[in-house]
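Written out below as structure tokens is the structure these notes cover.
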Amino acid sequence: QVQLVESGGGLVQAGGSLRLSCAASGRTFSRYVMGWFRQAPGKEREFVASVRWSALSTYYADSVRGRFTISGDRAKNTVYLQMNALKPEDTAVYYCAASGVATQLPQSYDYWGQGTQVTVAS
């Protein structure tokens with residue numbers, strides 16, 4: 001089993017920045033793709049960004065490209081999401097997830113963290 005724990009969420013004013021962290025433990029998972037998703041109240045879970053451990057290749061949703069950066073530290077088994085120029089519409093619970101394949105589909109991710117709240121005030 002892979003255990004994922006997110007941290008770093010909070011309240012920030014529009015235009016501000018936050019860095020989310022996702023610490024992984026359990027089985028070795030160098031083969032996994034790590035993804036960030038978000039879910040606002042009353043909305044479906046939405047893909048944000050992903051990174052492939054083996055090559056550190058990345059993919060971003062159009063809504064965050066140019067503002068958010070996903071990265072990973074293999075030695076620490078941790079993935080990060082640097083969020084800049086935050087907008088009120090970025091407000092959501094952010095989830096870290098792990099998948100065996102490169103995908104944007106939440107149903108393809110096998111492991112999920114508990115989520116961390118990000119609130120952007122206007």
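Numbering of residues begins at 1 and proceeds along the displayed sequence.
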Can you run down the disulfide (SG to SG under 2.5 Å) pairs that involve [range], sequence neighbours left out, and say none if there aren't any?
range	answer
residues 51-122	Cys22-Cys96
residues 54-86	none
residues 36-81	none
residues 35-70	none

Checklist entry - Quick one: side-chain contact (heavy atoms from CB on, under 4.5 Å) partners of Glu44, sequence neighbours excluded? => result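 For Glu44, no residue satisfies side-chain contact (heavy atoms from CB on, under 4.5 Å) once neighbours in sequence are set aside.
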Item to check | Test ring pair (Phe, Tyr, Trp, His ring centres under 6.0 Å) applied to Phe37 - qualifying residues, sequence neighbours left out | outcome: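 In terms of ring pair (Phe, Tyr, Trp, His ring centres under 6.0 Å), with neighbours along the sequence ignored, Phe37 is linked to Phe47, Tyr109, Trp112.
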Checklist entry - For residues 88-97, which residue pairs qualify under salt bridge (charged side-chain N to carboxylate O under 4.0 Å, His left out), counting only residues two or more places apart or in two chains? => result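 Found Arg38-Asp90, Arg67-Asp90.
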Of all residues at least two apart in sequence or in a different chain, which pass the side chain to side chain donor-acceptor pair (under 3.5 Å) check with [X]?
X	answer
Thr119	Gln117
Asp73	none
Ser17	Asn84

Checklist entry - Taking only residues two or more places apart in sequence or in another chain, which ones pass salt bridge (charged side-chain N to carboxylate O under 4.0 Å, His left out) with Arg45? => result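 Result, salt bridge (charged side-chain N to carboxylate O under 4.0 Å, His left out) vs Arg45: none returned.
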Next on the checklist: Can you list everything that forms a salt bridge (charged side-chain N to carboxylate O under 4.0 Å, His left out) with Arg65? Sequence neighbours excluded, please.
Outcome noted: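 Only Asp62 meet the salt bridge (charged side-chain N to carboxylate O under 4.0 Å, His left out) criterion with Arg65.
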